[in-house]
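See structure below.
Just so we're on the same page: letters track the sequence lines, and every chain starts at 1. All of these numbers come straight from a predicted model, not from anything done at the bench.
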Number of protein chains: 4
Amino acid sequence: MIVANAPWTVEFHSGVPVYKQIIHQVQAAIADGRLRPEDQLPTVRALHQQLNVNPNTVAKAYRELELAGLITTQRGSGCFVAPSAEPPKLSDRDRKAKAEQLSSRYMAEAQSHGLSIDDLIQNLTQRKSHV
Amino acid sequence: MIVANAPWTVEFHSGVPVYKQIIHQVQAAIADGRLRPEDQLPTVRALHQQLNVNPNTVAKAYRELELAGLITTQRGSGCFVAPSAEPPKLSDRDRKAKAEQLSSRYMAEAQSHGLSIDDLIQNLTQRKSHV
Amino acid sequence: MIVANAPWTVEFHSGVPVYKQIIHQVQAAIADGRLRPEDQLPTVRALHQQLNVNPNTVAKAYRELELAGLITTQRGSGCFVAPSAEPPKLSDRDRKAKAEQLSSRYMAEAQSHGLSIDDLIQNLTQRKSHV
Amino acid sequence: MIVANAPWTVEFHSGVPVYKQIIHQVQAAIADGRLRPEDQLPTVRALHQQLNVNPNTVAKAYRELELAGLITTQRGSGCFVAPSAEPPKLSDRDRKAKAEQLSSRYMAEAQSHGLSIDDLIQNLTQRKSHV
DNA sequence: GTGGTCTAGACCACC
DNA sequence: GTGGTCTAGACCACG
């Protein structure tokens, strides 16, 4: 099954390289089950059109995902989630450390644009219930 | 007052340019009142040592902040929050849009490292109460 | 120390991608001690000129070596052999299997160009004594 | 005689195109006498099954061999080594140059996988005596 | 000066 | 049609 309806998007001026944003989204989709082992990823060409980025940029993201062992590519037919691909498992301690690190950057960026902590919490809570 | 005890940090491999991370943190500190008009910022030298970053990088951040009118630099004595510096005011609609955009990127990055929405919400809530 | 005198070369029409040939050569240099931990690699620009290939091709090779953990890159100063980089250790059995696989491809290619096994053995023996 | 028991193999991730690997092996078999003029080659279908490769890929290899004059195809009955097919004859100088070029590439690849020159020499010597 | 990212576009290998 | 490789060239971040 091709995940054609997935909400692939990138922000161009966030500072985070586009290809890394793609990697993050694929990893996130695998982590929360929207993409399952053996599923086919969008083709390089499809994603490059949808995101309006250069095909090479998508290919670069897919290449790194393959090197990381998360996906496999089959010339002539496409890219697929690796059979063994599994969401990363972190200890509670590591989760908190990582959340701390991310939130710190996240909050600084948010506040610098005039948002408050509550704006963020509210948005996240909304997303949670929407799922 | 010199904000020497503020938690200045940068992540080198986050993709967000280091100088932008510094800008974000200064803006955030101004936005939430940790830095007030007329307050002195850490010196370039102090920050470059603390963050283990090239002085040019800190200088570039301060230069852009000055161009944005948020700080003023006084040769020989340091950089100060501009008297008129005010947190940006956004309409509710803009706040929501910005929060949406930011959250989307951060959630993907969080999930790609094995974190859940709850991990993020929990961390932010904690921060809120700590203030 | 920059390994400026290393015999970096690529064959353009061998079928093996140029960037993989570069990777192989770096790995080989690490494996046999010509490159040691902390040594600096040729800069992207230097190698691109020496090999007469596009800088991106060299950069791609270095990027994969970094992802594999063999080298580290420091923006603004260059690429270095990772402190922990070590030649791969294989069991005798694996060595034989790998040698079998490589030699099979190697010999077919050699014979298809009119060379005999003896030509190959002779050349390799010569190389050995030259070291 | 059909060379059904010949060790036809391809490596998919070697970088050398699959169809070229097939060409090399046919040429090698002709060069060392395993295939003689008038001998029949494996059918496209047989080889595609044995190598687990797309029939088009086998067909492409055979087509190029025919263009090179090494084999002839007779519709309905198969492909045969051309009556005039002869191993290429190279001058000593060319042989050495070719061997040098090939060995250089293969040694880098071998060492990058942790093999030594001796591993290669040993394997080749073994092959020689097995014939 | 260093490496990193992205684009545009070409050609190739394989299904 | 699929992905893979390479080039040329621009712009950016960092020291």
Taken to the nearest whole Å, NE2/B:His13 to C1'/E:dG4 is 13 Å
B:Val18 has its side chain closest, among E:dC6, F:dG4, F:dC14, to F:dC14
If pairing means Watson-Crick or G-U wobble with both distances under 3.5 Å, then the partner of E:dG1 is F:dC14
Mind checking whether A:Leu41 and A:Ile71 have side chains closer than 4.5 Å, heavy atoms only? yes
Picking from E:dT7, E:dG4, F:dT7, the nucleotide nearest the side-chain atoms of C:Asn54 would be F:dT7
B:Gln49 atom CD is separated from F:dG15 atom C1', nearest whole Å, by 16 Å
From CD of C:Gln74 across to C1' of E:dG1 the rounded distance in Å is 15 Å
query = Do A:Arg45 and F:dG3 have a side chain to base donor-acceptor pair shorter than 3.5 Å?
reply = yes
Tell me whether C:Arg63 is salt-bridged to C:Glu66, with the criterion being a basic N under 4.0 Å from an acidic carboxylate O.
yes
OP1 or OP2 of E:dC14 less than 4.0 angstrom from a side-chain nitrogen or oxygen of D:Lys60, does that happen here? no
Taken to the nearest whole Å, NE2/D:His48 to C1'/E:dC14 is 14 Å
Sugar-phosphate, base or nothing in reach of C:Arg63, heavy atoms under 4.0 Å: nothing
How would you label the contact of C:Tyr62 with the nucleic acid (heavy atoms, under 4.0 Å): base, sugar-phosphate, or nothing? nothing
Next on the checklist: For a quick test of reading the model: is some side-chain N or O of C:Tyr19 closer than 4.0 Å to OP1 or OP2 of F:dT5?
Outcome noted: yes
From CD1 of C:Ile71 across to C1' of E:dT2 the rounded distance in Å is 13 Å
According to a strict under-4.0 Å criterion, is A:Thr43 in side-chain N/O contact with OP1 or OP2 of F:dG1? no
* Asked: Are A:Tyr106 and B:Ser103 close enough, and set up right, to give a side chain to side chain donor-acceptor pair (under 3.5 Å), and what steps lead you there?
  -> CA-CA 8 Å; A:Tyr106 181 22; B:Ser103 295; 2.6 Å; yes
Between C:Gly78 and A:Asn56, the residue closer to the 5' end of DNA chain E by nearest nucleotide is C:Gly78
Here the distance between atom P of E:dT2 and atom CD of C:Glu66, to the nearest Å, is 17 Å
Judged by nearest nucleotide, the residue sitting upstream toward the 5' end of DNA chain E, A:Pro17 or A:Ser77, is A:Pro17
5'-most contact on DNA chain F (nearest-nucleotide basis), A:Cys79 vs B:Phe12, goes to A:Cys79
For the pair A:Arg105 and B:Glu109, find out whether any cationic side-chain nitrogen is under 4.0 Å from an anionic carboxylate oxygen.
yes
In whole angstroms, the gap separating P of E:dT5 from CD of A:Glu11 amounts to 17 Å
Per atom distances to the D:Thr57 side chain, the nearest of F:dA13, E:dT5, E:dC14 is E:dC14
C:Lys20 atom NZ is separated from E:dA13 atom P, nearest whole Å, by 14 Å
Distance col, row C:Leu115:CG vs D:Gln101:CD, nearest 0.5 angstrom, shows 10.0 Å
- Donor on one side chain, acceptor on other, C:Ser14 and C:Gln21, under 3.5 Å: yes
